[in-house]
Number of protein chains: 2
Amino acid sequence: MARWEPGARTRLQAVALELFAARGFDDTTVTEIAQAAGLTERTFFRHFADKREVLFTSREPFEQPYLAGVAAAPPEASPLDTIATAILNAADFFALERRPYSRQRQTIIDAHPELQERELLKLASLANSLAAALRERGITEPTATLAAESGVTVFRVSFAQWIAAGEERSLDQIERETFRGLGMLTTSANASRIDVTVTP
Amino acid sequence: MARWEPGARTRLQAVALELFAARGFDDTTVTEIAQAAGLTERTFFRHFADKREVLFTSREPFEQPYLAGVAAAPPEASPLDTIATAILNAADFFALERRPYSRQRQTIIDAHPELQERELLKLASLANSLAAALRERGITEPTATLAAESGVTVFRVSFAQWIAAGEERSLDQIERETFRGLGMLTTSANASRIDVTVTP
DNA sequence: GTCTATAGTGCGATAGAC
DNA sequence: GTCTATCGCACTATAGAC
């Protein structure tokens, strides 16, 4: 028999979510989380750089499905279509069964600005990675960043909808409608002609 | 003569920026900042909720020019045009003389993820306030959020350009071009029709 | 203005797996 | 022997309570 139980990381994440939901983020100490998982505080910090990080998927696995989606888009696709493919591809990972978990997790995050900060950083990092992937496909700046950021915005807005009480549509479906909404936004705007002298 | 020098808050901000630039954010303690400003650690925390906050403008004054811009937009303006008016209105506060300061500050932020988190939270808060202002003008969701977030994205991308080495255009000018770029993005995309091609 | 909890770090020791 | 995951302990700075 092993000296320690395997899956320490997963155990810490599960226990942390429970404790945060029960008593709140601030009133749960790292020591308590570690003890509840049968580990010590020091081990917690070996797995997670800080207390907040236990609620988030680490960068590589989180971004992978999005980057795979970029790679899967046809070479002739427009920048925004490429990003849309990426966002929609990754939507599979938010299957319907996952919704209750996502809701509980988001309730905790919504109640704590410091957790919102971390979430925003993760999404900003995703946008950066997507922009870099577009640049490797020959898209120049600032188009690459603009397309990547817009795609992440669509994801963010759609995800909030998906989590909302009573919502039953799939994330995929909501995202398609949000992308359509984004297109209509700029069509009905004069923003692209604000400087009347120059037109595409 | 006063018992203490006035402008404690401003002094703390100036001193903090200097020290962060000289030795880095992590290697500067709050005690050091306070001492350099002739104050105590306790006073620092009465002015700023945490160590990071000393580098940021507090919420109300930061958002005010943007919200004033929304109010100044003609009632018949489209959601995105309303937001564009807001973003362009606030650009006045980033005058050319301010660019060296902005560059120094951004150098510090770019080197520290915890500061990026705070910056992202401030911008997310701005987007929320702008979306709320649109809703008060009768714009419904998800259009309001989508327009607000897109506007903030334009600001973010433009601001990064503005402080780039060698850049000489005004922020206002860069933002106009970026808004145009956003319009072109969605025009050239099929994103709004994506469900026609991929639907199950 | 003082006092304290807790986050987070550095370094070393330990105990298995291989 | 090496490698990896854990623990133990001493320590500092932040941040909040009183």
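Every residue meeting the side-chain contact (heavy atoms from CB on, under 4.5 Å) condition with Ala21(A), not counting sequence neighbours, appears here in chain and number order: Gln104(A), Ile108(A).
What separates NE2 of His112(A) from C1' of dA7(C) is a distance of 16 Å, to the nearest Å. Atom CD of Glu53(B) and atom P of dT14(D) are 15 Å apart (whole Å). Between Trp4(A) atom CH2 and dG16(C) atom C1' there is a gap of 7 Å when expressed in whole angstrom units. Distance, Glu114(B) CD to dT9(C) P: 10 Å, rounded to whole Å. Taking atom CZ of residue Phe20(B) and atom P of nucleotide dA13(D), one finds them 14 Å apart after rounding to whole Å.
Judged by distance alone, the side chain of Glu141(B) and the main-chain N or O of Thr145(B) form a donor-acceptor pair under 3.5 Å. Under a 3.5 Å cut-off, the side chain of Arg105(A) and the backbone N or O of Leu55(A) do form a donor-acceptor pair.
Remark: Glu53(A) engages Lys122(A) in a salt bridge, criterion side-chain N to carboxylate O under 4.0 Å. Between Arg52(B) and Glu117(A), at least one side-chain nitrogen of the basic residue sits less than 4.0 Å from a carboxylate oxygen of the acidic one, meeting the salt-bridge criterion.
The distance from the CD atom of Glu149(A) to the CG atom of Leu123(A) is 10.0 Å, given to the nearest 0.5 Å.
Near DNA chain C, defined here as any heavy-atom distance below 4.0 Å, the residues from residues 29-39 of chain A are Thr29(A), Val30(A), listed numerically. DNA chain D is contacted by Thr40(A), Arg42(A), Thr43(A), Arg46(A), His47(A) of residues 40-52 of chain A, taking any non-hydrogen atom closer than 4.0 Å.
Using a 4.5 Å cut-off between side-chain heavy atoms of Ile, Leu, Val, Met, Phe, Trp and Tyr, with links allowed through other members, Phe94(B) and Leu130(B) fall into the same hydrophobic cluster.
If you run side chain to side chain donor-acceptor pair (under 3.5 Å) between Gln173(A) and each of Glu177(A), Glu175(A), Arg169(A), only Glu177(A) comes through.
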